[in-house]
Amino acid sequence: ELAARAFVSEPGLSLHYTSIAPGFVLGPMLGADSRSASAQVMARFFKGRYPGLPRLKLPVVDVRDVARAHRLALEGHQASGSRFALVSNVVSMRDLLLPVKAKLGSAAHRVPTREVPDAAVKFIGLVDPATGGLPYAWSRMPKIDDSATRAHLGLHYIAPEQSAVEMAESLVRFGLA
């Protein structure tokens with residue numbers, strides 16, 4: 001981001017630059033490519049890889065809202081030079097996954113619903129490197145202010161629970177769950 005900002009500020013260039021910083025991105029997937037971190041996390045829960053849910057709250061945003069923010073930033077030069085945080089809401093893993101279980105029923109039978117103690121998650125982090133940073137992230141979750149995003153881009157976000165359900169439906173549809 002710093003290099004891009006430096007580049008667009010070089011003399012003689014007439015470029016605009018805006019940073020879009022999304023939270024944990026959920027929502028429908030376009031295909032079976034599950035390289036996104038959020039799709040991988042959701043797939044792990046579907047496969048029963050974790051015995052319970054971490055007591056973690058995530059800053060969530062829908063992939064369609066991320067795309068909309070990019071479009072709005074490109075269309076409006078008043079946003080040039082800005083940095084926009086994209087967060088629909090900060091939601092617990094439990095609040096994201098309970099609607100998934102309710103909507104998908106038997107397809108989500110391995111998705112846990114109970115939270116596990118922090119110590120258990122730390123132990124799992126020793127075995128599963130993908131979760132190793134979670135305890136660190138809990139104690140350092142910053143307060144995210146997206147008021148500039150809402151004011152300048154006029155975004156009205158999709159509800160995190162809807163985004164989680166639609167990502168879960170995609171995982172099932174593409175055979176990744």
Side-chain angles (χ1 to χ4, degrees), residues 1-45 54-93 95-97 121-122 125-126 128-171 173-174 176-177:
E1 183 178 334
L2 293 175
R5 287 188 183 278
F7 176 74
V8 299
S9 65
E10 288 184 12
L13 293 178
S14 178
L15 299 173
H16 298 279
Y17 180 83
T18 301
S19 296
I20 303 290
F24 188 71
V25 180
L26 295 174
M29 299 167 55
L30 293 176
D33 180 6
S34 65
R35 287 183 289 174
S36 78
S38 55
Q40 290 177 4
V41 167
M42 294 292 277
R44 284 186 184 105
F45 282 114
R55 293 183 313 121
L56 171 68
K57 291 189 175 187
L58 298 169
V60 177
V61 66
D62 191 283
V63 66
R64 294 162 291 192
D65 292 328
V66 175
R68 191 175 305 112
H70 279 90
R71 181 184 56 80
L72 292 168
L74 283 169
E75 291 173 350
H77 292 300
Q78 75 277 10
S80 186
S82 299
R83 185 170 205 272
F84 295 114
L86 298 181
V87 178
S88 169
N89 204 350
V90 177
V91 184
S92 72
M93 288 300 297
D95 288 342
L96 284 176
L97 291 172
V121 177
K122 288 180 184 179
L126 296 173
D128 184 358
T131 61
L134 286 179
Y136 177 81
W138 290 330
S139 62
R140 304 208 175 15
M141 180 54 72
K143 174 146 177 58
I144 299 169
D145 180 8
D146 75 332
S147 58
T149 305
R150 293 177 192 260
H152 293 293
L153 299 181
L155 276 180
H156 299 283
Y157 293 106
I158 296 168
E161 298 80 8
Q162 177 184 344
S163 302
V165 166
E166 291 181 8
M167 174 169 268
E169 290 171 336
S170 294
L171 289 167
R173 183 172 54 254
F174 296 122
L176 301 171

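Predicted, not measured: the structure shown is a model, and the values here were computed from it.
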**Request:** Taking all non-hydrogen atoms of both residues into account, name the closest pair between Ala39 and Leu171 and its distance.
**Result:** O-CD2, 4.0 Å
**Request:** Please report the closest heavy-atom contact between Ala73 and Leu153, naming both atoms and the distance.
**Result:** N-CD2, 4.0 Å
**Fill in**
Between Ser19 and Glu1, the two heavy atoms sitting closest are OG-OE2, 2.9 Å
**Asked** How would you list, by chain and number, every residue that makes a salt bridge (Lys or Arg N to Asp or Glu O under 4.0 Å) with Asp95, sequence neighbours excluded?
**Response** none
**Request:** Report yes if some heavy atom in the side chain of Arg83 is under 4.5 Å from a heavy atom in the side chain of Arg5; otherwise report no.
**Result:** yes
**Asked** Can you name the closest pair of heavy atoms from Met167 and Ser38 and give their distance?
**Response** CE-OG, 3.7 Å
**Complete:** What one should report as the nearest heavy-atom pair of Leu155 and Ala69 is CD1-CB, 3.9 Å
**Request:** Check whether the side chains of Tyr157 and Asp146 place a donor and an acceptor atom closer than 3.5 Å, and report yes or no.
**Result:** yes
**Item:** Test side chain to side chain contact (heavy atoms under 4.5 Å, CB included) applied to Val66 - qualifying residues, sequence neighbours left out
**Value:** Pro22, Val25, Val61, His70, Leu86
**Item:** Side-chain (Asp145) to main-chain (Ser147) donor-acceptor, under 3.5 angstrom
**Value:** yes
**Complete:** Hits for side chain to side chain donor-acceptor pair (under 3.5 Å) against Glu166, two or more places apart or cross-chain, chain-then-number order -> Arg64, Gln162
**Request:** For Arg71, check side chain to side chain contact (heavy atoms under 4.5 Å, CB included) against everything at least two apart and list the hits.
**Result:** Arg68, Glu75
**Request:** Please identify each residue that fulfils side chain to side chain donor-acceptor pair (under 3.5 Å) with Ser163, with sequence neighbours left out.
**Result:** Asp62
**Prompt:** Taking only residues two or more places apart in sequence or in another chain, which ones pass ring pair (Phe, Tyr, Trp, His ring centres under 6.0 Å) with Phe24?
**Reply:** none
**Asked** Can you pull the salt bridge (charged side-chain N to carboxylate O under 4.0 Å, His left out) pairs that have at least one residue in residues 16-30, sequence neighbours excluded?
**Response** none
**Message:** side chain to side chain contact (heavy atoms under 4.5 Å, CB included) for Val91 and Lys57? Distances and angles first, verdict last.
**Reply:** CA-CA 5 Å; Val91 184; Lys57 291 189 175 187; over 6 Å; no
**Asked** Under the side chain to side chain donor-acceptor pair (under 3.5 Å) test, which residues partner Ser14, sequence neighbours left out?
**Response** none
**Prompt:** Met29 and Leu176: side chain to side chain contact (heavy atoms under 4.5 Å, CB included), yes or no, with the steps?
**Reply:** CA-CA 11 Å; Met29 299 167 55; Leu176 301 171; 3.7 Å; yes
**Asked** Got a sec, which residues hit side chain to side chain donor-acceptor pair (under 3.5 Å) with Ser170, two or more places apart in sequence or on another chain?
**Response** Arg173
**Message:** Going by the rule side chain to side chain contact (heavy atoms under 4.5 Å, CB included), which residues pair with Ala164 if we only count those two or more places apart in sequence or in a different chain?
**Reply:** Leu26, Met42, Leu96, Val100
**Asked** Of all residues at least two apart in sequence or in a different chain, which pass the side chain to side chain contact (heavy atoms under 4.5 Å, CB included) check with Leu13?
**Response** Phe7, Glu10, Leu15
**Message:** If I compare all heavy atoms of Ala148 with all of Phe84, which pair ends up nearest, and what's the gap?
**Reply:** O-CE2, 3.7 Å
**Prompt:** By salt bridge (Lys or Arg N to Asp or Glu O under 4.0 Å), which residues pair with Glu161, not counting sequence neighbours?
**Reply:** none
**Item:** Donor-acceptor contact below 3.5 Å, side chain Ser88 vs main chain Ile158
**Value:** yes
